[in-house]
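Following: one structure in structure tokens, then a few remarks.
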Amino acid sequence: MITNVESLAPAHVVGEILVAAIHNIAEQDIDGHDLAAVRNRFDGNLSAIVRSAKTYAESVEDGKTDEEAKRAAAIAVVNNYRLQHNL
């Protein structure tokens, strides 16, 4: 069991990933998923935090650069959001 997300990715990296994911979703102009709505849905969303950290760590372990790992993690968060909300 993972007890410390920062063992996977630093907090500032997770923050960057979540900001990128939030903006990506909001920029898609989907009804009911504007910037404020998406930000509220991510506020305190522990699964998104863990998903971003875990995907980032796995990507780095696979040899991706920092930026590539952040991108992979943001894509994973966006994909999961789209699944959760049937988008």
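Here the shortest heavy-atom pairing between Val77 and Ala21 reads CG1-CB, 3.7 Å. Between Val13 and Ala9 the shortest heavy-atom distance is CG1-CB, 4.5 Å. The shortest non-hydrogen separation linking Gln84 to Ser47 is NE2-OG, 4.4 Å. Between Ser52 and Val14, the shortest heavy-atom distance links the atoms OG-CG1, 3.4 Å. When all heavy atoms are compared, the tightest approach of Ala74 to Ile17 is N-CG2, 3.6 Å.
Between the NE2 atom in His23 and the CG atom in Leu35 there is a gap of 5.5 Å [rounded to 0.5 Å]. Remark: Glu61 CD to Leu8 CG distance equals 10.0 Å, nearest 0.5 Å. If you take OH on Tyr81 and CG on Asn45, they are separated by 10.0 Å, rounding to the nearest 0.5 Å.
The side-chain heavy atoms of Ser59 and Thr55, taken from C-beta on, include a pair separated by under 4.5 Å. Side-chain contact between His33 and His85 is present, with heavy atoms from C-beta onward closer than 4.5 Å. Residues Ile49 and Phe42 fail the side-chain proximity criterion, which asks for heavy atoms closer than 4.5 Å.
Residue pairs that meet the salt bridge (charged side-chain N to carboxylate O under 4.0 Å, His left out) test with at least one member in residues 11-22, sequence neighbours left out, are Glu16-Lys70. Residue pairs satisfying the salt bridge (charged side-chain N to carboxylate O under 4.0 Å, His left out) criterion with at least one member in residues 78-87, sequence neighbours excluded, are absent. The list of salt bridge (charged side-chain N to carboxylate O under 4.0 Å, His left out) pairs with a residue in residues 17-41, not counting sequence neighbours, is empty.
A donor-acceptor contact shorter than 3.5 Å is absent between the side chain of Asp62 and the backbone of Lys64. In this structure, the side chain of Asn40 engages the main chain of Ala36 through a donor-acceptor pair within 3.5 Å.
One hydrophobic cluster, built from ILVMFWY side chains closer than 4.5 Å, cannot hold both Ile25 and Leu83; they sit in different ones. Note on Leu18: it clusters hydrophobically with Ile30, by side-chain heavy-atom contacts below 4.5 Å among ILVMFWY residues. Taken together through direct or relayed side-chain contacts under 4.5 Å among Ile, Leu, Val, Met, Phe, Trp and Tyr, Tyr56 and Ile75 form parts of separate hydrophobic clusters.
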Exercise for the section: Give the intermediate values and the outcome of salt bridge (charged side-chain N to carboxylate O under 4.0 Å, His left out) for residues Glu58 and Lys54. Expected result: CA-CA 6 Å; Glu58 289 171 349; Lys54 185 174 185 287; 2.7 Å; yes
